[in-house]
Every structure is written in structure tokens, then in C-alpha cells.
Amino acid sequence: MDETVEEYQKELLWRTAAETFYRVAYAEGLITSVIRAWRPIDSFIKSMVTFTTIASVMLGWAVWGIPIEEAAGPDMGKIIWLAVAGTAAFLSLLHVILKISDRMEYLSHNVQYFKSLRLNLERFIYEMEIDPDFPLEHFKSTFELYREWLLVGSQMLKDDLLLTRRRRLKVQRKLNQQMGDMIL
């Protein structure tokens, strides 16, 4: 193979590997950011539902023995409790409708997928760095596998209501700072 053609192909492989690494790291960062945003929402709703369920059982048990005449007067406690229990019921339904638990599980799987791909690409780039005379054909075929993984991973990504333009830009800025010179 002509030396200049091989050098050109190696340089192209370098640039494409760096670009692919960036895309993978960006996808991993986006998914991680969305998981971090969903986690407190998920925890809050589950805590609220748990609290109101337990409290409802305890209140029902306490009120069970009270005659209806004594329990019938509307006071502020009942109104507050109605608001809290109603909010918990609404949040519980919202949690189910938005499929937050399923979403968290799916996103966690995806972030692990992209993390694995990112680590493989890091190793791949490192191997090219330590051996500038790396075997081009072997590295090209390995890289093609990583690009296939990226294609599959990209198809797994779904829109999410917390995946806003602002979040995307924030993740991109952070990644640009972390990657520094590697950015093309």
C-alpha cells in the first residue's frame, strides 16, 4: 500500500474515531443527565404515595372507633389531609401514566450501553496512540464494529420530556470542557 495513502487512512481513522468518541460520550452524558433529573421526581412521588398510604391506613384505624357524629365536622386537618391525599393520588397516576419506573430502567440500560461503548473507544484510541504504526486493516474492522454499536445505540435513544434544548446545550458545554483538545 502506498505510504501516503496509508497515512491518509490512518489520519482519517483518527479523526473519525475521535468524532465517534465524542458522539458516544455526548449520548452517555445526555442519558445520565436525564436519569439525574428523573431520579428525584421518581423518589418524591414514591415517597409521597408511601406516606399517604400508610397515613391513610393509620387514620382509618384511628377513626374506625369514633362515632360518625364526632368525626363529621369539617375541620382544617381534614381539608389539608384531603389536599395531600388527593395530590398523592394524582402523582401516583402521573407516575404510572409517564411510566417513570420503566423509563428509569430503560435509561439506565442505555447509559450502560453507551458507557461500555465509550470505554471500548477510549481503549481503541489509546492503542492507536501507543502504536502509531498500528495495523490499519485490523483497526478499521474493529472501528466498524464500534460504529455499528453506535448505530444500534442511536436507535435505542428516545425523546424524553426532560431532554430539553437547554439540557442538551449544558451537556455539550460540559463535554467540550472535558475533552478540550480532542474536539475536532
Side-chain angles (χ1 to χ4, degrees), residues 1 5-50 91-92 94-184:
M1 182 181 288
V5 171
E6 184 172 334
E7 287 174 7
Y8 171 76
Q9 288 181 345
K10 283 185 176 184
E11 180 60 32
L12 184 61
L13 182 60
W14 266 102
R15 281 188 278 136
T16 310
E19 175 190 320
T20 302
F21 179 84
Y22 183 89
R23 288 179 181 193
V24 168
Y26 177 69
E28 179 187 1
L30 277 178
I31 297 168
T32 300
S33 176
V34 171
I35 289 173
R36 285 186 187 138
W38 275 116
R39 191 169 286 134
I41 295 168
D42 183 49
S43 296
F44 174 76
I45 292 173
K46 286 178 179 176
S47 298
M48 185 83 165
V49 169
T50 301
L91 291 175
S92 177
L94 191 62
H95 194 271
V96 171
I97 291 167
L98 293 177
K99 299 179 181 178
I100 294 175
S101 295
D102 295 343
R103 187 181 305 254
M104 295 281 293
E105 183 178 339
Y106 184 78
L107 290 169
S108 295
H109 169 74
N110 286 351
V111 81
Q112 289 304 316
Y113 182 92
F114 279 102
K115 181 178 183 179
S116 175
L117 179 54
R118 179 184 51 81
L119 292 172
N120 278 302
L121 281 165
E122 276 183 22
R123 187 186 75 240
F124 179 80
I125 291 170
Y126 174 74
E127 288 173 0
M128 287 193 305
E129 285 177 343
I130 62 172
D131 182 13
D133 296 325
F134 60 87
L136 183 61
E137 290 307 314
H138 169 71
F139 274 68
K140 280 172 45 178
S141 62
T142 301
F143 183 66
E144 286 175 15
L145 289 173
Y146 295 146
R147 292 289 288 196
E148 285 295 319
W149 286 11
L150 175 59
L151 177 63
V152 169
S154 298
Q155 292 170 350
M156 291 182 336
L157 293 176
K158 295 180 180 176
D159 284 334
D160 191 285
L161 81 118
L162 296 183
L163 194 53
T164 61
R165 185 179 190 314
R166 181 176 174 202
R167 183 176 307 280
R168 290 175 191 271
L169 291 172
K170 183 178 178 183
V171 168
Q172 188 173 21
R173 276 193 300 272
K174 182 179 177 185
L175 183 60
N176 290 349
Q177 288 175 341
Q178 289 173 343
M179 292 189 65
D181 295 338
M182 192 173 181
I183 297 172
L184 301 175

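In what follows, residues are counted from 1 in the order of the sequence shown.
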Report the distance from atom CG of L150 to atom CG of L145, rounding to the nearest 0.5 Å. 12.5 Å
Below 4.0 angstrom, N of the basic side chain to O of the carboxylate: do E28 and K115 qualify? no
Please evaluate residues E129 and W14 with respect to the criterion side chain to side chain contact (heavy atoms under 4.5 Å, CB included), reporting the C-alpha separation (whole Å), side-chain torsions for both, the decisive distance (0.1 Å), and the verdict. CA-CA 9 Å; E129 285 177 343; W14 266 102; 3.1 Å; yes
Applying side chain to side chain donor-acceptor pair (under 3.5 Å), can you list everything that pairs with T32, at least two apart in sequence or on another chain? none
Within the side chain of S108, is there an N or O that forms a donor-acceptor pair under 3.5 Å with the backbone of M104? yes
Hey, could you give me the CG/CE distance between L107 and M156, rounded to the nearest 0.5 Å? 10.0 Å
So which atom in V24 and which in F114 form the shortest heavy-atom distance, rounded to 0.1 Å? CG1-O, 3.4 Å
Closest non-hydrogen atom pair between K158 and L163, with its separation: O-CD2, 4.4 Å
Can you confirm whether the side chains of W38 and D160 place a donor and an acceptor under 3.5 Å from each other? yes
Atom pairs and distances, side-chain donor-acceptor, residues 166-174, under 3.5 Å, sequence neighbours left out:
residue, atom, partner, partner atom, Å
R167, NE, L162, O, 2.7
R167, NH1, S33, O, 3.3
R167, NH1, S33, OG, 2.7

Less than 4.0 Å between a side-chain N and a carboxylate O, is that true for E19 and R15? no
Residue E127 excluded, over 12 heavy atoms near CD under 6.0 Å: yes
Rounded to the nearest 0.5 Å, what separates atom CG in N120 from atom CZ in F143? 12.5 Å
In this structure, CD1 of I41 is separated from CZ of R103 (nearest 0.5 Å) by 10.0 Å
Any non-hydrogen side-chain atom of R23 less than 4.5 Å from a side-chain atom of S154? no
Below 30° counts as parallel, above 60° as perpendicular, anything between as tilted: where do the rings of Y113 and H109 land? tilted
Tell me whether the centres of the aromatic rings in F124 and F21 are closer together than 6.0 Å. no
Over all atoms of both residues, closest heavy-atom pair of L13 and F134: CD2-CE1, 3.7 Å
Should the heavy atoms of other residues, nucleotides or ligands under 6.0 Å from CZ of R165 be counted, would the total exceed 12? no
Got a sec, which residues hit side chain to side chain donor-acceptor pair (under 3.5 Å) with Q178, two or more places apart in sequence or on another chain? none
The reported gap from CG in L136 to CG in L12 (rounded to nearest 0.5 angstrom) is 9.5 Å
Shortest non-hydrogen contact from D131 toward P135: OD2-CD, 4.5 Å
Charged N to carboxylate O under 4.0 angstrom, K140 versus E137? yes
Roughly how far apart are L117 CG and L121 CG, rounded to 0.5 Å? 4.5 Å
K10 versus P132, closest heavy-atom pair with distance: NZ-O, 3.2 Å
For a quick test of reading the model, state the closest non-hydrogen atom pair linking V49 to S92 and the distance between them. CG2-CB, 3.6 Å
